[in-house]
Structure formats: C-alpha cells, structure tokens
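Single-structure report; data block below.
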Amino acid sequence: MIKHIDIVVKGKVQGVHYRASTKAVADQLGVKGCIQNEPNGDVLIAAEGDNVSLEMFLDWCNEGPQDAGVTSVETNEGELKNYRNFEIVKKGL
C-alpha cells in the first residue's frame with residue numbers, strides 16, 4: 001500500500017547537498033515526491049511509497065549527507081498526490 005508523508009528536516013541541512021543526495025536515495029528506493037529548502041533553514045519533503053521504502057527513506061533523512069547535521073525530523077501522514085518521480089523544487093525561478 002502506497003502512503004504519503006510530509007517530512008520537515010531541521011538542523012544544518014542547507015548548503016550541504018542535502019536535496020541532491022536525498023533525491024538520489026529516493027530514486028534508488030522508488031520513493032516519489034519532492035524536496036525544497038525553506039526560508040527558515042529547514043528542508044521540506046513530500047514523499048510517497050510503500051512502508052518499507054518510506055522507512056528506509058526516513059532513516060536516510062535522519063542521517064543526511066556527510067556534511068549535514070540533522071537535529072530533528074518531523075513526519076505527518078497526508079493525502080496521496082500520486083507523484084510521478086522525485087523532484088528538487090527550486091524557489092524563485
């Protein structure tokens with residue numbers, strides 16, 4: 001069963017290739033959705049996949065790439081949006 005979760009990642013997660021690394025992991029796991037930086041320094045992720053994929057994806061979100069310093073990860077289940085792939089959203093384009 002596919003489900004949707006919204007994830008907020010806090011800590012040193014901007015300027016450390018967090019979004020690009022997370023997209024690579026999402027693509028490997030078959031997780032669909034999107035990721036974007038927030039003005040307050042958080043990273044916002046919408047992710048859809050099965051329970052096993054999302055569990056592994058969340059494990060990654062808690063670690064992040066080498067230079068990241070994740071302090072907390074908050075999750076909320078949401079309504080399925082049926083994403084086709086995993087995209088990095090760039091603000092202000």
Side-chain angles (χ1 to χ4, degrees):
M1 191 178 104
I2 303 297
K3 68 179 188 178
H4 175 102
I5 54 174
D6 293 308
I7 307 164
V8 179
V9 185
K10 298 179 179 289
K12 182 185 168 195
V13 290
Q14 290 191 17
V16 294
H17 304 292
Y18 193 94
R19 290 178 301 163
S21 302
T22 302
K23 177 183 174 13
V25 170
D27 289 346
Q28 283 179 340
L29 294 172
V31 172
K32 314 284 190 216
C34 59
I35 184 169
Q36 66 189 43
N37 285 339
E38 291 292 285
N40 65 0
D42 296 346
V43 170
L44 189 62
I45 305 169
E48 295 182 349
D50 60 40
N51 285 337
V52 174
S53 298
L54 288 176
E55 201 172 299
M56 289 190 287
F57 185 69
L58 278 172
D59 285 346
W60 157 259
C61 290
N62 279 283
E63 292 291 318
Q66 185 176 346
D67 295 331
V70 177
T71 56
S72 75
V73 175
E74 302 165 4
T75 63
N76 289 301
E77 283 199 39
E79 193 176 317
L80 269 182
K81 295 185 173 60
N82 296 309
Y83 291 103
R84 292 185 179 182
N85 52 23
F86 195 91
E87 293 183 4
I88 297 172
V89 177
K90 299 197 187 304
K91 296 255 183 171
L93 291 179

Acceptor/donor pairs from residues 29-42 side chains to any protein atom, 3.5 angstrom cut, sequence neighbours excluded:
unit_1, atom_1, unit_2, atom_2, d
Gln36, NE2, Glu38, OE2, 3.0
Asn40, OD1, Asp42, N, 3.0
Asn40, ND2, Asp42, OD2, 3.2
Asp42, OD2, Lys10, NZ, 2.9

(message) Main chain of Val70, side chain of Tyr18: is a donor-acceptor contact present, judged purely on distance under 3.5 Å?
(response) no
(message) Among Val8, Val13, Val16, exactly one meets side-chain contact (heavy atoms from CB on, under 4.5 Å) together with Val43. Which residue is that?
(response) Val13
(message) I need the minimum non-hydrogen distance between Ile45 and Cys61, along with the two atoms involved.
(response) CD1-SG, 3.8 Å
(message) As a quick check of understanding, evaluate side-chain contact (heavy atoms from CB on, under 4.5 Å) for Asn51 and Glu55, giving each step before the final call.
(response) CA-CA 6 Å; Asn51 285 337; Glu55 201 172 299; 5.6 Å; no
(message) For a 4.5 angstrom cut-off between non-hydrogen side-chain atoms, does Leu80 reach Ile2?
(response) yes
(request) State, to 0.1 Å, how close Leu54 and Ala47 come at their nearest heavy-atom pair, and which atoms those are. (result) CD2-CB, 3.9 Å
(request) Could you tell me whether the side chain of Lys81 reaches within less than 4.5 Å of the side chain of His4, counting heavy atoms only? (result) yes
(request) Kindly say whether Tyr83 contributes a backbone atom to a donor-acceptor pair with the side chain of Glu48 at under 3.5 angstrom? (result) yes
(request) Please identify each residue that fulfils side-chain contact (heavy atoms from CB on, under 4.5 Å) with Asp27, with sequence neighbours left out. (result) Lys23, Phe86
(request) Give, for atom CD of Glu63 and atom CG of Leu58, the distance between the pair rounded to the nearest 0.5 Å. (result) 12.0 Å
(request) To the nearest 0.5 Å, tell me how far Met56 CE sits from Gln28 CD. (result) 10.0 Å
(request) Could you state whether Ile5 and Val89 fall into the same hydrophobic cluster, counting links through intermediate Ile, Leu, Val, Met, Phe, Trp or Tyr residues with side-chain heavy atoms under 4.5 angstrom apart? (result) no
(message) Using the rule given for side-chain contact (heavy atoms from CB on, under 4.5 Å), can you reason through Ile7 versus Val73, listing the C-alpha separation, both sets of side-chain angles and the distance that settles it, and then say yes or no?
(response) CA-CA 7 Å; Ile7 307 164; Val73 175; 3.5 Å; yes
(request) Give a yes or no on whether Glu74 atom CD has more than 12 heavy-atom contacts from other residues, nucleotides or ligands under 6.0 Å away. (result) yes
(request) Inspect the contact between Lys3 and Glu77 and indicate whether a charged nitrogen and a carboxylate oxygen are less than 4.0 angstrom apart. (result) yes
